[in-house]
Amino acid sequence: MAPADRRGGRGRGGRRGGEELRVPEAEFTSYYGRPILKPPVWRWDIAAYLFTGGLAAGSSLLAAGGQLTGRPALRRAGRVTALGAVTASAYFLVNDLGRPSRFHHMLRVAKPTSPMSVGTWILTAYGPAAGVAAVAEAASRLPERGALGLARRLLPPAGQVAGLAAAVTAPALATYTGVLLAGTAVPSWHEAYPELPTIFAGSALASGAGVGLIAAPCAQAGPARRLAVAGAALELWGAHSVETRLGLLSEPYRTGTAGRLLRAGRALTAAGVAGALLGRRSRAVSALSGAALLAASVVTRFGIFHGGVASARDPKYTVLPQRERIRRREAGEV
């Protein structure tokens, strides 16, 4: 009798009693049902920070368009909104960090490989430029004589330069948060690395357009309408892609809170663009369209945020894509 048979009848191929023993496939549950990844500790204020940063960027681009095309209402609305939005961004960021000193400490070094470090420097460069541009809008209210009279003369040209500087920095401000999310280990954020900056860029343009449609008369709102179309195209393409391209990892963007928010964002964006184009002679319709675009930007950012958090909490979104990558590697598909 073979040695294997003396130990209980096991022969070649791992058979016992004529039946092949197979190890059951492991489930995708984790240790004691705990998430494999620690869910992001970020709260709602970071989702709000994503929106206000995009709003600031879009508003600066709107203001620059108004400045270069001689539309003072667009310029004024964009500059003032940009300052308010970037101030809110700083508040939300510091509130999440817990202490203002932590923001200051991040300025001690510059790490090009760290989206957080790059974002801190972008915000630091953008904020003063947006502030000077907004303050310049009040120059006409200053006295004509004395020190304030000198400020009255110097602020407008300084505002022109600062406004353009803010607009140059705005695209980086609008998109770096998408790169920041995609750089984490959160599955549905990480896998959506091509789409998130695109979605955030489109959302920023649409929100800036919303400001222009609300604040400017119809005769000056042409650039805002064009900005709305461009922003909506980017945002809708990106949102559709994250809901369809990522396989299993698209599921968190289609279901639950994230799914409801992203569907609302698409509807509001479509309504806002339609109103901007069809109601170009109606100030009321333009204002409603602008409000819809701003609301769409809010719910889209919160939808992306909640989708990522949901993917980190469920182990299947970590384990099953890893298995698929291993299977494809073994099959020589990658």
(Q) Working note: Trp121 + Tyr126, criterion side-chain contact (heavy atoms from CB on, under 4.5 Å); need CA distance, chi angles, decisive distance, verdict. (A) CA-CA 8 Å; Trp121 282 99; Tyr126 172 86; over 6 Å; no
Q) Just by distance, do the side chain of His190 and the backbone of Ala185 share a donor-acceptor pair under 3.5 Å? A) no
Q. Which residue pairs pass the salt bridge (charged side-chain N to carboxylate O under 4.0 Å, His left out) test with at least one member in residues 205-228, sequence neighbours excluded?
A. none
**Q.** Side-chain (His306) to main-chain (Thr257) donor-acceptor, under 3.5 angstrom
**A.** no
Q) Are Val86 and Tyr176 in one and the same hydrophobic cluster, where Ile, Leu, Val, Met, Phe, Trp and Tyr link if side-chain heavy atoms are under 4.5 Å apart? A) yes
Q. So, Thr52 side chain and Ala48 main chain: donor-acceptor pair closer than 3.5 Å or not?
A. yes
Q.
With rounding to the nearest 0.5 angstrom, report the OG to CG distance, Ser203 to Leu196.
A. 12.0 Å
Q | Single-linkage hydrophobic cluster, 4.5 Å side-chain cutoff, Leu213 and Phe51 together | A | no
**Q.** Hphob cluster co-occupancy, Tyr91 + Leu83, side-chain heavy atoms under 4.5 angstrom
**A.** yes
Q) Looking at side-chain heavy atoms only, is the closest gap between Leu277 and Val229 below 4.5 Å? A) yes
(Q) Strictly distance-based, threshold 3.5 Å: is any side-chain N or O of Ser297 a donor or acceptor partner for the main-chain N or O of Leu294? (A) no
Q) Which heavy atom in Ser188 sits nearest to a heavy atom in Leu246, and how many Å separate them? A) O-CD1, 4.2 Å
Q) Between CD1 of Ile214 and CZ of Arg283, what distance do you get to the nearest 0.5 Å? A) 10.0 Å
Q) Could you state the interatomic distance from OG1 (Thr169) to CG (Leu123), rounded to the nearest 0.5 Å? A) 10.5 Å
Q. Can you check whether Phe305 reaches Val309 side chain to side chain, under 4.5 Å on heavy atoms?
A. yes
Q) Hey, which of Arg76, Arg75, Gln160 is the one that makes side chain to side chain donor-acceptor pair (under 3.5 Å) with Gln67? A) Gln160
**Q.** Salt-bridge criterion met for Arg266 and Glu243 (N-O under 4.0 Å)
**A.** yes
Q. Looking at the rings of Tyr253 and Trp189, which for Trp means the six-membered one, are their centres under 6.0 Å apart?
A. no
Q | ILVMFWY network linking Leu236 to Leu293, side-chain heavy atoms under 4.5 angstrom | A | no
Q | Under 3.5 Å donor-acceptor, Ser289 side chain and Ala276 backbone | A | yes
Q. Going through the checks in order, is the side-chain contact (heavy atoms from CB on, under 4.5 Å) test met by Leu248 and Tyr317?
A. CA-CA 7 Å; Leu248 178 67; Tyr317 297 121; 3.8 Å; yes
Q) So how far is it from Leu234 CG to Thr198 OG1, rounded to the nearest 0.5 Å? A) 6.5 Å
Q) Got a second to check how far Ser250's OG is from His240's NE2, nearest 0.5 Å? A) 9.5 Å
Q. If only atom types and distance count, is the side chain of Arg152 paired as donor or acceptor with the main-chain N or O of Ser140 below 3.5 Å?
A. yes
Q: State the CG-OG distance between Leu55 and Ser60, to the nearest 0.5 angstrom.
A: 9.5 Å
Q: Test Ser59 against Thr81 for side chain to side chain donor-acceptor pair (under 3.5 Å), laying out the working first.
A: CA-CA 6 Å; Ser59 297; Thr81 302; 4.7 Å; no
Q. Just by distance, do the side chain of Ser241 and the backbone of Glu195 share a donor-acceptor pair under 3.5 Å?
A. no
Q) Looking at Ala151 and Leu142, what are the two nearest heavy atoms and their distance? A) CB-CD1, 4.1 Å
Q. Does Ser282 reach the side chain of Cys218, with side-chain heavy atoms less than 4.5 Å apart?
A. no
Q. If you take all heavy atoms of Ala216 and Leu74, which pair is closest and at what distance?
A. CB-CD2, 3.7 Å
Q. Is Gln220 reaching over with its side chain to a backbone N or O of Ala73, donor-acceptor style, under 3.5 angstrom?
A. yes
Q. Does the pair Leu181 and Val186 meet the rule for a side-chain contact (heavy atoms from CB on, under 4.5 Å), with working shown?
A. CA-CA 8 Å; Leu181 296 185; Val186 174; over 6 Å; no
Q) Any link between Val132 and Ile122 through a network of hydrophobic side chains (Ile, Leu, Val, Met, Phe, Trp, Tyr) touching at under 4.5 Å? A) no
Q) Got a donor-acceptor contact below 3.5 angstrom from the Thr177 side chain to the Leu173 backbone? A) no
**Q.** Heavy-atom pair with the smallest gap, counting every atom of Thr269 and Ala296
**A.** OG1-CB, 3.2 Å
Q: State whether the side chain of Arg280 and the backbone N or O of Gly222 hold a donor-acceptor pair below 3.5 Å, judged by distance alone.
A: no
(Q) So which atom in Gly54 and which in Ser207 form the shortest heavy-atom distance, rounded to 0.1 Å? (A) O-OG, 3.8 Å
Q) Can you name the side-chain contact (heavy atoms from CB on, under 4.5 Å) partners of Thr300, sequence neighbours left out? A) Ile199, Glu235, Leu262
Q: Determine, stepwise, if the pair Ile304 / Phe200 fulfils side-chain contact (heavy atoms from CB on, under 4.5 Å).
A: CA-CA 10 Å; Ile304 294 294; Phe200 286 6; 4.2 Å; yes
(Q) Could you tell me if the side chain of Tyr49 sits less than 4.5 Å from the side chain of Trp44, heavy atoms only? (A) no
**Q.** Shortest non-hydrogen contact between Ala258 and Pro252, atoms and distance
**A.** CB-O, 3.3 Å
